[in-house]
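One-based numbering along the sequence shown.
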Amino acid sequence: MLYVSTRGGVPPTTLSDALAAGLAPDGGLYVPESLPQLDPASAPDGDLAETCAWLLAPFFAGDALAAELPTICKEALDFPVPRVALGDDGASLLELFHGPTAAFKDIGARFLAACLARLPRADDRPLTILVATSGDTGAAVAGAFHGRAGFEVVILYPDGRVSPRQAHQLGAFGDNVRAYAVQGSFDQCQQLVKQAFADADLRRQRPLGSANSISLGRLLPQMSYYAHTSLAHWRKTGSTLDFIIPTGNLGNALACLLARESGMPIGQVMLATNANRTLPDWLASGHYSARGSRATLANAMDVGDPSNAERLSWLYPTHEARRAALSADWIDDDEIDESIQRVAEETGVVICPHTACAAALLKRLRESGDTRPWCLVATAHPAKFDSVVEPMIDAKVPVPPALQELLDRPSRALPLMARTLELRHALLKG
Ligand SMILES: *Cc1c(COP(=O)(O)O)cnc(C)c1O
């Protein structure tokens, strides 16, 4: 399988080269030249790592990493991804937050790290993975590369705009991981990272690698939990499974759509955004209009210009095709609050503010008479957002052991002005 750019400006590239590059040289995003058609009946009935190795085999076919794919899957996907009942109306919750940093981004980040660690490099200096984060990406990437020889991680996050526990997590790794609290917004952090990657002189002195949500190495493994969950449902019931997916940069939901278009038994796909409504508005009107991001209670989804929108246009090129393939709706902060309280009261399950957007959409569907067994995707553990969730439910949220371990460590972030020269200086001296 070879990979091309959504903008069509680069020759077909191997998976290894696309993984190493991150962004395509023409500024587009890498996508497979074609999608394989897999037969659900031939899928292994094993654990998530086995499903992933089977699902991604055609995507790795012919690449230098192909022989290592099963090992990469075992190494990266070594925690459970259970689907549990939510209430008694047939709905369920796919819990993607049992990894080391308690959010679904562990899956993509760990898979990417396992791939990059196996790619040969001509340069023997360490590769600095530079990431901007609105909270969860930075911790997942830091966790995935922490202690790996040949890698350093530099994280930029907007000071004061991530949850206190997210901030603690980001600064708690130490060793080959450095966290910078940027005096600015997430968009400014992303801008700084872009400028650093565009600085050829800096990159000669300090080899940079990327791990942001446009990386194929994060996108591809995210298909695996949709495949694994829908296959299990299909074996039991003979039916496809419908998903409601909390969405920001559209990486998680795009992986679900790719899994469906590759033949997995997935039915309807609905995106749930917060008040950053670029995607629902696009699907309604047919006109894409990027906006500045707005701060909401679901901060990991505060994205006004979702980077993977370009891949959605590649997968479904027309307005009609997009409308047939998926739907989307948005949820304001009051509804997030209401949703967390209501789900806790009705089902005893505590959800994070992102997952609450999906739960609020399910409620709208039920009110309009829909009775299908939707699967809601739970993207983070609620304990990561204790300062939002605990006052709403008036109770403590138990902290999972992996998260507690990080919270017990000391945490240190360095301040950074949102200026190109400051970041350049920080990278060169470190
Ligand atoms: C990143 C994140 C999202 C959004 O995922 P995308 O792939 O960017 O759409 C949702 N919830 C949580 C908890 C996240 O960390």
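For CZ of Arg121, the number of neighbouring non-hydrogen atoms (other residues, nucleotides, ligands) closer than 6.0 Å is greater than 12. Remark: Arg419 CZ is loosely packed, at most 12 non-hydrogen atoms of other residues, nucleotides or ligands lying under 6.0 Å away. Annotation for Glu405: atom CD does not count as buried by contact number, only 12 or fewer foreign heavy atoms lying within 6.0 Å.
Looking at Asp329 and Leu271, their side chains never come closer than 4.5 Å, going by heavy atoms from C-beta outward. The shortest side-chain heavy-atom distance between Leu297 and Asn274 does not fall under the 4.5 Å cut-off. Inter-residue side-chain proximity for Arg409 and Phe173 is flagged as met; some heavy-atom pair is nearer than 4.5 Å.
Between Glu261 and Arg311 no salt bridge is recorded (no basic side-chain N to carboxylate O distance below 4.0 Å). Arg110 and Asp106 are not joined by a salt bridge, as no carboxylate oxygen comes within less than 4.0 angstrom of a charged side-chain nitrogen. Taking a cutoff of 4.0 Å between a charged side-chain nitrogen and a carboxylate oxygen, Glu50 and Lys74 do not qualify as a salt bridge.
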Quiz item: Can you list the steps and then say if Phe151 with His146 is a ring pair (Phe, Tyr, Trp, His ring centres under 6.0 Å)?
Solution: CA-CA 8 Å; Phe151 292 97; His146 183 226; over 10 Å; no
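Between Asp47 atom CG and Cys73 atom SG the span is 9.5 Å, to the nearest 0.5 Å. How far CG of Leu15 is from CZ of Phe59: 10.0 Å, rounded to the nearest 0.5 Å. Note that CG of Asp386 is 5.0 Å distant from CD of Glu390, once rounded to the nearest 0.5 Å.
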Review item, side-chain donor-acceptor pairs of residues 26-35, under 3.5 Å, at least two apart:
{"unit_1": "Asp26", "atom_1": "OD1", "unit_2": "Ser5", "atom_2": "OG", "d": "2.8"}
{"unit_1": "Asp26", "atom_1": "OD1", "unit_2": "Gly28", "atom_2": "N", "d": "2.9"}
{"unit_1": "Asp26", "atom_1": "OD2", "unit_2": "Ser5", "atom_2": "OG", "d": "2.9"}
{"unit_1": "Asp26", "atom_1": "OD2", "unit_2": "Gly9", "atom_2": "N", "d": "2.7"}

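In summary, the side chains of Gln404 and Asp408 do present a donor paired with an acceptor at a separation below 3.5 Å, with no hydrogens or angles considered. Judged purely by distance below 3.5 Å, without hydrogens or angles, the side chains of Arg83 and Thr229 never pair a donor atom with an acceptor atom. Between the side chains of Ser307 and Asn249, at least one donor-acceptor pair of N or O atoms lies under 3.5 Å. Side-chain atoms of Asp302 and Ser293 form no donor-acceptor pair, as typed in the model, at a separation below 3.5 Å.
Across every non-hydrogen atom of Pro246 and Thr355, the tightest pair is CG-CA, 4.0 Å. Residue Lys384 comes nearest to Ala103 through the heavy atom pair NZ-CB, 3.9 Å, listed as atom of the first residue, atom of the second, then distance. Ala255 and Tyr226 make their closest contact through C-CD1, 4.3 Å (heavy atoms, listed as atom of the first residue, atom of the second, distance).
Counting only distance, with no hydrogens or angles, the side chain of Arg218 and the backbone of Ile214 share no donor-acceptor pair below 3.5 Å.
With Asp199 as reference, Arg424 is the one residue of Arg424, Arg206, Lys194 to meet the salt bridge (charged side-chain N to carboxylate O under 4.0 Å, His left out) rule.
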